[in-house]
Amino acid sequence: MSGSITFIASPTDANVQGDIQVPGDKSISHRTIMLGSLADGVTRVSGFLAGDDCIATMNAFRAMGVNIDGPDEDNNVTIQGVGIDGLKAPSTEINVGNSGTSIRLLAGILAGQSFSSKMLGDASLNKRPMQRVVAPLTLMGADISASEAGTPPVVVNGEQPLQGIDYDLPMASAQVKSAVLLAGLFAKGRTQVTEPGVTRDHTERMLKAFGYAIEVEDNKVSLQGGGRLTACDIQVPGDISSATFFIIAGLIATQGSIILRNVGLNPTRIGVLNIVAKMGGRVERFNERLVGAEPVADLRVYASDLVGIDIDQADVPLAIDEFPAIFIAAACAQGTTTLRNAKELRVKESDRIQSMADGLTTLGIDCRVVDDGIDIIGGKLTGGTISSHHDHRIAMAFAISSLRASDTITILECENVATSFPTFVELANSVGLSIEKQQVNK
Ligand code: S3P
């Protein structure tokens with residue numbers, strides 16, 4: 001029996017209190033499996049995100065002959081690396097569910113294999129653009145294709161020798177950058193990627209941690225193919241994208257504060273902190289430290305009076321996954337918040353500009369949608385029924401908005417919250433929200 005999940009988020013006294021830790025970073029967790037599988041030796045991972053997306057990556061590598069134990073109840077994973085040339089042909093097609101990171105990064109790895117493969121996903125992923133990885137990988141010599149619409153399935157005919165390329169990314173995308181760099185491991189010569197804007201650099205940091213030489217200069221990243229990776233131990237920090245729901249909840253609350261422990265603060269991911277600081281939000285960082293290759297800190301978030309701002313273009317790629325929650329902050333702020341140059345939001349797990357605009361309008365907030373962004377005029381939120389469009393971050397954003405709503409918010413299609421944040425409802429209720437999860441059988 002297939003089912004769906006509805007969140008019933010009831011109004012509260014908007015007082016939040018808590019000292020919590022969010023689960024491990026999704027982007028980093030995916031990459032531990034990929035690089036750990038391709039490395040020589042045993043990689044031990046702690047703090048792994050046991051969400052559906054990262055499990056999809058794990059299962060893909062298991063299907064290619066890699067022995068992976070875990071995640072255990074403490075989120076430890078052990079990967080028996082098979083070496084750069086050790087993957088085996090999967091016996092069936094690879095289904096990565098809802099996970100864009102799995103399909104796009106894997107495309108880079110599969111392009112360099114001696115076997116053929118086919119990848120696809122769920123209804124949402126099967127609508128997302130794949131040409132952005134197919135195009136550069138084809139330039140490298142791969143025999144790879146997507147559907148006529150440029151969507152999954154992605155089919156790779158193996159045994160095509162790859163050649164390094166010098167590629168200018170047409171959009172700021174860490175997934176495309178990573179796909180090209182990962183294919184570059186299997187290519188002859190040097191592979192270089194130039195980014196139009198700063199995007200998350202977890203692939204670069206982790207390649208270095210696995211002993212692979214990689215050069216980063218300004219907005220150019222390059223590596224020489226044909227090297228090997230050496231297994232290492234990795235502690236995955238808490239995901240700032242998951243922490244964001246609690247940062248925004250803490251800020252829009254009318255009283256209280258929330259402490260968030262062990263949050264990854266990689267400079268390519270902290271757009272949300274830059275944006276809320278400009279909106280007048282009070283977030284303190286303490287215990288700043290380096291955990292392996294990644295900067296980490298604890299955060300204390302205080303209830304704040306927010307004001308609308310024009311969001312800086314430079315912060316857009318640094319906060320790309322955080323906009324659903326930031327839009328809720330904008331709805332609770334005084335004045336208008338303006339976002340532009342954010343067209344990429346239209347090709348996420350849903351069209352996040354339209355999904356958020358529809359939901360905010362239902363809750364009585366005025367907004368104006370443009371092609372590459374939105375204007376949101378702060379106001380008073382009512383209750384209502386919202387479609388999350390099966391998008392985990394839309395679901396969680398509207399769940400936290402209930403802190404400031406005058407009536408109950410019912411959020412439909414919330415099952416994909418499990419892709420990135422399986423414990424979201426329990427943690428949210430522990431800091432003072434009131435969210436009930438209802439199973440809806442179809
Ligand atoms: C990710 C990159 C981003 C982000 C996604 C994870 C990654 O996607 O939205 O959630 O792990 O590399 P794009 O590369 O499409 O911007």
Side-chain angles (χ1 to χ4, degrees), residues 23-35 48-49 51-54 56-57 96-109 121 124-125 127-137 150-152 154 167 169-183 193 195-207 221 236-237 239-245 264 266 268-272 293-294 315-326 341-353 355 372 391-394 396-397 416-417 419-421:
D25 188 278
K26 183 153 76 77
S27 293
I28 297 175
S29 295
H30 280 296
R31 287 157 171 82
T32 63
I33 299 295
M34 294 179 184
L35 298 191
F48 185 82
L49 171 63
D52 294 347
D53 279 12
C54 300
T57 291
V96 295
N98 194 241
S99 179
T101 307
S102 308
I103 199 166
R104 296 207 181 106
L105 271 60
L106 262 166
I109 293 171
S124 153
L125 187 65
K127 285 190 215 133
R128 295 183 66 191
M130 295 298 139
Q131 203 52 40
R132 52 180 61 200
V133 288
V134 168
L137 296 173
T151 54
V154 174
Y167 192 63
L169 279 182
M171 72 291 289
S173 165
Q175 290 178 354
V176 181
K177 170 177 68 174
S178 300
V180 175
L181 290 174
L182 291 171
V193 184
E195 300 191 86
V198 179
T199 67
R200 64 193 68 194
D201 65 356
H202 304 302
T203 302
E204 296 91 307
R205 284 173 190 254
M206 206 182 288
L207 279 168
V221 189
V236 181
D239 197 326
I240 188 168
S241 298
S242 299
T244 288
F245 297 103
N266 179 309
T268 62
R269 297 284 298 280
I270 57 168
V272 60
E294 297 279 347
D315 282 329
V316 173
L318 309 186
I320 196 66
D321 288 340
E322 284 58 87
F323 283 106
I326 291 169
N341 294 299
K343 219 171 175 173
E344 279 293 301
L345 290 180
R346 291 199 180 270
V347 289
K348 295 295 176 187
E349 285 83 330
S350 71
D351 174 344
R352 287 187 173 156
I353 294 178
S355 305
D372 66 340
D391 183 332
H392 54 139
R393 299 200 202 280
I394 304 291
M396 291 185 275
N416 282 336
V417 169
T419 61
S420 68
F421 202 162

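Keep in mind that what you see is a predicted model, and the values were worked out from it rather than measured. All ligand and atom numbering here is 1-based and tracks the order in the structure. Counting begins at 1 with the first residue of the sequence.
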Subject >> Stepwise salt bridge (Lys or Arg N to Asp or Glu O under 4.0 Å) test for E294 and R269 >> reply: CA-CA 11 Å; E294 297 279 347; R269 297 284 298 280; over 6 Å; no
**OP:** Report yes if R393 has an N/O atom closer than 3.5 Å to an N/O atom of ligand 1; otherwise report no.
**Re:** no
**OP:** Run the numbers for me: atoms of ligand 1, each under 4.0 Å from some heavy atom of T101, listed by number.
**Re:** 1 (C), 6 (C), 7 (C), 11 (O)
Original post:
Can you find an N/O atom of K348 closer than 3.5 Å to an N/O atom of ligand 1?
Top reply: yes
Subject >> Lys/Arg N to Asp/Glu carboxylate O, R200 vs D25, below 4.0 Å >> reply: no
Subject >> E349 bridged to R393 by N-O distance under 4.0 Å >> reply: no
Original post:
Quick check: does A174 get an N/O under 3.5 Å from an N/O on ligand 1?
Top reply: yes
Original post:
N/O to N/O below 3.5 Å, does that happen between R200 and ligand 1?
Top reply: no
Original post:
Hey, does S178 come in under 3.5 Å of ligand 1, counting only N/O atoms on both sides?
Top reply: no
Original post:
Quick one: are R104 and R132 in side-chain contact, heavy atoms under 4.5 Å?
Top reply: yes
Original post:
Does even one non-hydrogen atom of R31 get within less than 4.0 Å of ligand 1?
Top reply: yes
**OP:** Among T199, T203, L105, find the residue that satisfies the side chain to side chain contact (heavy atoms under 4.5 Å, CB included) test when tested with K177.
**Re:** T199
**OP:** Look at R346 together with D351 and state whether they make a salt bridge at an N to O cut-off of under 4.0 Å.
**Re:** yes
Original post:
For atom 14 (O) of ligand 1, which protein heavy atom lies nearest, and how many Å away is it?
Top reply: S173 OG, 2.6 Å
Original post:
Tell me, which protein residue and heavy-atom name are nearest atom 10 (O) of ligand 1, and how many Å apart are they?
Top reply: D321 OD2, 2.7 Å
**OP:** Please determine if Q175 has a nitrogen or oxygen closer than 3.5 Å to a nitrogen or oxygen of ligand 1.
**Re:** yes
**OP:** Side-chain contact test, heavy atoms from C-beta onward, threshold under 4.5 Å: evaluate it for V236 versus L49 and give yes or no.
**Re:** no
